[in-house]
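Note sheet for the following structure.
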Protein chains: 2
Amino acid sequence: MATRAEVAKLAGVSASTVSYALSGDRSIKEETRKRVLKAVAQLNYRPHFAAGALAGGKSKTLALLSPSGEFGIALIALEYINGASAAARDRGYHLVIWPSQESEMSEIQTFAESGMISGVILMEIKFKDDRVDYLKKAKVPFAMIGRTENPGKDSYVDRDFIAATQLGIDYLHTLGHKKIAFLTTDRAIGVDTRFSSALLEAAKKKKMTANKLQVVNEASSGRDAFIELHKKYSDVTAVVSLNDIATLGFISGANEYGVNIPKDLSLIALDTPKNHIEMSWPPLTTVNLPAYEMGRAASNILIDQIEGKENKQNQELHAGDLVIRGTTAKVRPQAKGN
Amino acid sequence: MATRAEVAKLAGVSASTVSYALSGDRSIKEETRKRVLKAVAQLNYRPHFAAGALAGGKSKTLALLSPSGEFGIALIALEYINGASAAARDRGYHLVIWPSQESEMSEIQTFAESGMISGVILMEIKFKDDRVDYLKKAKVPFAMIGRTENPGKDSYVDRDFIAATQLGIDYLHTLGHKKIAFLTTDRAIGVDTRFSSALLEAAKKKKMTANKLQVVNEASSGRDAFIELHKKYSDVTAVVSLNDIATLGFISGANEYGVNIPKDLSLIALDTPKNHIEMSWPPLTTVNLPAYEMGRAASNILIDQIEGKENKQNQELHAGDLVIRGTTAKVRPQAKGN
DNA sequence: AGTTTTTGTCGACACGCGTCGACAAGTAGT
DNA sequence: ACTACTTGTCGACGCGTGTCGACAAAAACT
């Protein structure tokens with residue numbers, strides 16, 4: 001492994017000149033810089049990361065705290081990770097996945113102080129989130145994917161629930177649907193609450209009725225929801241799902257009962273990771289969840305913050321786009337609900 | 001952040017004594033060690049990772065190279081990551097997810113040489129894998145999840161295809177099935193090849209016929225496979241799936257055609273990550289893929305290697321267990337294939 | 001022409017730790 | 001009682017950087 005000293009010798013300059021030529025923190029004559037860069041290339045030199053971290057106090061490493069639920073990292077986390085990781089790499093950082101056991105926040109703090117990590121990305125944010133409070137107190141830079149009830153000036157990237165919901169509702173409206181139902185859980189994460197109220201609002205605007213079907217995050221629950229719908233709300237012509245797992249069970253239920261999607265019933269999913277879309281048949285019409293982009297944004301926002309670009313925008317909302325696939329169709333003229 | 005010097009002062013010993021008390025690399029009087037440990041606890045001291053890496057040349061960081069496919073990290077990778085990450089943490093290491101762009105192996109080498117990473121975990125191993133050749137030449141310690149055609153003495157953790165297949169086939173045999181079919185892709189990864197031949201072998205032993213249904217890694221392809229089965233092999237009473245995504249489409253197809261699983265047709269999946277199991281209805285009978293354990297094992301094997309425990313076992317096969325859920329049943333007496 | 005500012009470079013130092021050699025004190029073997 | 005080894009501790013050094021202060025040379029002002 002080539003060191004800075006070797007580069008300096010080859011380029012005929014001092015060691016510090018090499019550093020400055022690379023970092024740009026002091027002005028260097030163009031010709032000298034070129035000589036240095038040539039030597040760097042020739043020796044395939046790359047600064048020793050630990051030495052840099054030691055001397056500069058910067059590790060250029062981000063930790064993505066993944067709440068270790070039952071199955072460890074959640075499925076959707078995958079796309080966030082991919083995006084965050086890619087953006088971090090683009091800016092010379094690394095991303096460590098940190099399956100954080102429960103409330104081991106003090107550990108995070110220690111690692112932040114020991115220079116191991118420069119900042120933290122948080123997922124699955126609750127309305128009230130202890131982790132957020134902790135990190136703020138500990139002065140560890142962080143960015144959220146999701147947001148607390150009152151995020152204030154904290155950095156976050158989140159779904160634009162209102163815009164996403166409107167895209168879906170407006171499309172159903174275009175297709176002629178007037179009586180709809182929606183699948184939602186009532187987890188304390190806040191996503192559901194925000195989604196549900198945005199949906200009711202959007203439906204109201206279009207003068208559509210919207211019945212709520214309560215589900216939990218399981219396929220079987222989606223199937224139960226279909227059965228409930230089938231019995232109680234037979235005039236409903238379209239369903240909006242706010243839970244990805246339940247969606248799949250819901251489709252199974254429809255299949256089982258001989259209800260054809262999309263001919264008899266339209267279905268649109270608003271909270272479905274890419275991986276699930278390709279798993280269903282027919283392919284789901286969705287307002288897609290731009291998780292990759294959100295992950296990217298989270299990294300960028302966090303890095304801006306770490307590097308002291310406080311002036312930059314540090315809160316983002318992503319709506320996603322309507323992607324029409326195979327589960328939506330025009331309402332049938334003879335349907336009761338028309 | 002407390003430093004070694006502060007601990008030393010508090011404990012009334014020299015700095016190096018603190019190091020030795022913690023590492024155990026030299027004998028320290030029991031009483032002294034206790035005093036040191038007390039001071040460590042009191043100050044909440046943790047060695048500065050970069051300093052350690054600089055001085056000792058050990059970063060205690062593992063990189064998990066995830067082939068960035070179309071969707072980045074693959075779904076199953078999730079469980080591997082969780083397992084590998086947990087095991088690494090247990091042994092004081094960290095796991096960096098490295099979405100490796102194509103053949104940027106030289107980058108890996110550079111980072112390994114620069115002390116950034118101590119070893120590499122590889123996934124989605126092909127029969128002939130350039131990355132493996134590269135790492136061997138570059139002398140970067142690595143462990144595979146999966147294995148090349150001729151792994152020799154290279155470290156790996158892989159599925160025990162023979163045992164896993166036998167568990168499934170034997171169970172179907174117990175249920176009275178004699179004519180089966182199986183879903184497989186023919187990707188070059190080697191998994192499919194090994195699985196297919198193990199299955200044919202196991203079926204032969206039990207004197208069962210086994211028709212192959214070729215699929216690709218898509219839900220719609222699984223649906224097509226069902227239709228093919230329905231038309232061509234109507235006497236088949238059970239299906240073994242070797243591809244998780246196709247499985248879900250297969251079930252949709254059965255629903256669509258009014259074929260009841262498990263009453264009319266049994267289905268058992270051998271290569272399905274946990275996340276997919278909870279997504280299907282009825283819940284899948286599987287020989288589960290112990291991905292979490294495999295991830296753990298990969299980390300442990302790699303760390304053993306890094307730490308020079310060459311004598312330890314560095315190749316493992318995991319079969320998984322038969323988990324009976326809702327997609328298998330006794331063959332129906334009146335079925336043609338009986 | 002003299003003074004101040006900017007540009008370009010260098011040497012020195014600190015970051016916090018692992019580890020080597022030295023050495024005093026104790027133990028074991030003759 | 002002398003040597004030989006072991007135990008327990010310490011001080012010193014080096015790992016490869018980032019960065020600060022110094023300073024000569026050049027440029028920009030009076």
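Order of the sequence lines fixes the chain letters, A, B, ..., with proteins taken first and strands second; residue numbering starts at 1 for each chain.
- Among the nucleotides D/dG11, C/dC10, C/dT19, the one closest to the side chain of B/Asp25 is C/dT19.
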Run the side chain to side chain contact (heavy atoms under 4.5 Å, CB included) check on A/Tyr156 and A/Leu317 step by step: do they pass?
CA-CA 8 Å; A/Tyr156 70 79; A/Leu317 292 180; 4.0 Å; yes
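- In this entry the distance linking NZ of B/Lys60 with C1' of C/dC17 reads 13 Å, nearest Å.
- Rounded to whole Å, atom P of C/dC15 lies 11 Å from atom NE2 of B/His48.
- A/Ser59 and A/Ser118 form a side-chain donor-acceptor contact under 3.5 Å, judged by distance and modelled atom types alone.
- Position along DNA chain D of the nearest nucleotide to B/Gly56 versus B/Glu30 favours B/Glu30 as the more 5'-ward residue.
- Judged by atom type and distance alone, B/Tyr20 reaches the base of C/dC20 through a side-chain donor-acceptor pair under 3.5 Å.
- Checked by atom type, the side-chain pair B/Thr17/B/Ser14 shows a donor-acceptor distance below 3.5 Å.
- Rounded to whole Å, atom C1' of D/dC10 lies 10 Å from atom CD1 of B/Ile28.
- Residue A/Leu22 contributes atom CG, which lies 16 Å from atom P of C/dG8 at whole-angstrom precision.
- For the pair B/Glu31 CD and D/dT7 C1', the computed distance is 15 Å after rounding to whole Å.
- Of the possible polar contacts, one joining the A/Arg33 side chain to the A/Ala21 backbone as a donor-acceptor pair under 3.5 Å is found.
- Looking at A/Ser16, its side chain comes within 3.5 Å of the base of C/dG11 through a donor and an acceptor atom.
- Checking the phosphate oxygens (OP1, OP2) of C/dC15, no side-chain nitrogen or oxygen of B/Thr3 falls inside 4.0 Å.
- Considering only side-chain N and O atoms, B/Ser27 lies nowhere under 4.0 angstrom from the phosphate OP1 or OP2 of D/dT7.
- Mapping A/Arg35 and A/Arg4 onto DNA chain C by nearest heavy atom places A/Arg35 closer to the 5' end of the strand.
- Rounded to an integer number of Å, the gap from A/Leu54 CG to C/dC17 P is 9 Å.
- For the pair A/Arg89 and A/Ser299, the minimum side-chain heavy-atom distance is 4.5 Å or more.
- Looking at B/Arg26, its side chain comes within 3.5 Å of the base of D/dT9 through a donor and an acceptor atom.
- Within 4.0 Å (heavy atoms only), B/Thr32 reaches sugar-phosphate atoms of the nucleic acid but no base atom.
- Counting to the nearest Å, the P atom of C/dG18 and the CZ atom of B/Phe49 are 13 Å from each other.
- The phosphate of C/dG18 has OP1 or OP2 within less than 4.0 Å of a side-chain N or O from B/Ser19.
- Between the CZ atom of B/Arg33 and the C1' atom of D/dT7 there is a distance of 13 Å, given to the nearest Å.
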